Amino acid sequence: MSSKFDETLYRKELATQWLGQRLCYFDELESTNTYLKKIPSEEVQQGLLCLTDHQTKGRGQYERRWESEQHANLTFSLAFLPTSAERFHVLTLACALALVKYLNEMLEAPCSCISWPNDVMLNDKKVAGFLTESVFSGNSFDRLVIGIGINVNQRQFSEELSDIATSICLEMDKPVGRESFLAGLLSRIERNYNLWHRHKFELLKSINRNIKGYGQWVGLMVDDELQEDTYKLLGIDEKGQLLMLNQDAGIESFSYEQIRLVTD
Ligand code: BTN
């Protein structure tokens, strides 16, 4: 199944108040994140969606590239206009949680989870990645751009990725309509954004329960160095810092950039 994204169908399915109501669609674009970062403030509104069917220079975490088959998947970015960039890691995780819950509903099994810092896994393989960037104008915060790449209908991956990546279609064994899937996802992201905006504790609890390794003893890489001891993963706090229990029963908190988890 590989045809152009159908904007009319998408609009028919969309049930959000504001998220994704304005869409900038491109047949081809270097990167949807770069696009939403570069456009002038006057052209950005809360919930603006940029989507392309062929992303030629998709960017991932840690300066990696994000490759995605043309017309098969979803590569898009969302612009948010909170008053500051504070707690933006929590917002990224809130978006990831929306996807995890949606996939678990669709597949009728708890087969999806968040892999720290912000990958979404499906049956232990990566199905989606998130890249959040903040935009400043001089010293003042302007907008957050959350870029989301989801493998939806891609059936084949490069040799390098085939053991670690999957798509929704491969796991469900049937193609998925991208337009209605995206519309459904945006409703869930909008709901989680509202919880995030209102500092709702239930959101944090739900994120934590869906992080791979939550409540377990896991390996830890701090600044690229594997630690000798294992740590118990206690979850994130309201700022998005990761809380870990060490072997001396002390709680240590780590910033988003600092660590990677080693789970089995
Ligand atoms: C990662 O897993 O490393 C994050 C991948 C994020 C990819 C998405 S695709 C849409 C948006 N535009 C980009 O250039 N990157 C993000």
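Just follow the structure's listing: the first ligand is 1, and inside any ligand the first atom is 1. Quantities reported herein were computed from a predicted structural model and do not represent experimental measurements.
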Which segment of D119 sits under 4.0 Å of ligand 1 when only heavy atoms are counted: side chain
Heavy-atom pairs closer than 4.0 Å: do any link ligand 1 to the side chain of S68, the backbone, both, or neither? neither
What about Y193 and W18, are their ring centers closer than 6.0 Å? yes
Just jot down the ligand 1 atoms closer than 4.0 angstrom to any heavy atom of S31, in number order. 12 (N), 13 (C), 14 (O)
How far is atom 9 (S) of ligand 1 from its nearest protein heavy atom, and which residue and atom is that? Q55 NE2, 3.4 Å
Counting only heavy atoms, which portion of F76 has something under 4.0 Å from ligand 1: side chain, backbone, both, or neither? backbone
F181 ring center near Y102 ring center (under 6.0 Å): yes
For Y35 and F26, I'd like to know if the aromatic rings sit close, meaning centre-to-centre distance below 6.0 Å. yes
Would R11 and E13 count as a salt bridge (charged side-chain N to carboxylate O under 4.0 Å, His left out) here? Give the steps. CA-CA 5 Å; R11 292 206 177 278; E13 301 276 340; over 6 Å; no
Start with the C-alpha gap between K38 and E30, add the side-chain angles, then the distance that decides, and say whether salt bridge (charged side-chain N to carboxylate O under 4.0 Å, His left out) holds. CA-CA 12 Å; K38 284 195 175 158; E30 283 197 357; over 6 Å; no
May I ask whether K126 has any heavy atom positioned less than 4.0 angstrom from an atom of ligand 1? yes
S77 heavy atoms, cut-off 4.0 Å: which ligand 1 atoms fall inside? 11 (C)
Atom indices of ligand 1, in the order listed, that fall short of 4.0 Å to a heavy atom of F130: 4 (C)
For atom 3 (O) of ligand 1, find the nearest protein heavy atom and state the residue, atom name and distance (0.1 Å precision). Q61 N, 2.6 Å
Could you check R87 against E238 for salt bridge (charged side-chain N to carboxylate O under 4.0 Å, His left out), going step by step and ending with a plain yes or no? CA-CA 7 Å; R87 302 187 298 127; E238 67 283 358; over 6 Å; no
List the steps, then state whether side chain to side chain donor-acceptor pair (under 3.5 Å) holds for E171 with T166. CA-CA 7 Å; E171 301 303 321; T166 191; 2.4 Å; yes
Under 4.5 Å between any side-chain heavy atoms of H54 and D27, yes or no? no
May I have the step-by-step check of salt bridge (charged side-chain N to carboxylate O under 4.0 Å, His left out) for D53 and R178, ending in yes or no? CA-CA 11 Å; D53 260 325; R178 292 184 299 155; 2.7 Å; yes
Protein heavy atom at shortest distance from atom 5 (C) of ligand 1: W66 CE3, 3.4 Å
Within-cut-off N or O pair, R64 and ligand 1, under 3.5 Å: no
Distance under 4.0 Å to a non-hydrogen atom of G58: what atoms of ligand 1 satisfy this? 14 (O)
Which ligand 1 atoms, with their elements, are less than 4.0 angstrom from a heavy-atom of G60? 1 (C), 3 (O), 4 (C), 5 (C)
Ion pair R59/E133, N-O distance below 4.0 Å: yes
State the atoms of ligand 1, each with its element, that fall below the 4.0 Å cut-off from a heavy-atom position in R59. 5 (C), 6 (C), 7 (C), 13 (C), 14 (O), 15 (N), 16 (C)
Under 4.0 Å to a heavy atom of T32 - the qualifying atoms of ligand 1, by number: 10 (C), 11 (C), 12 (N)
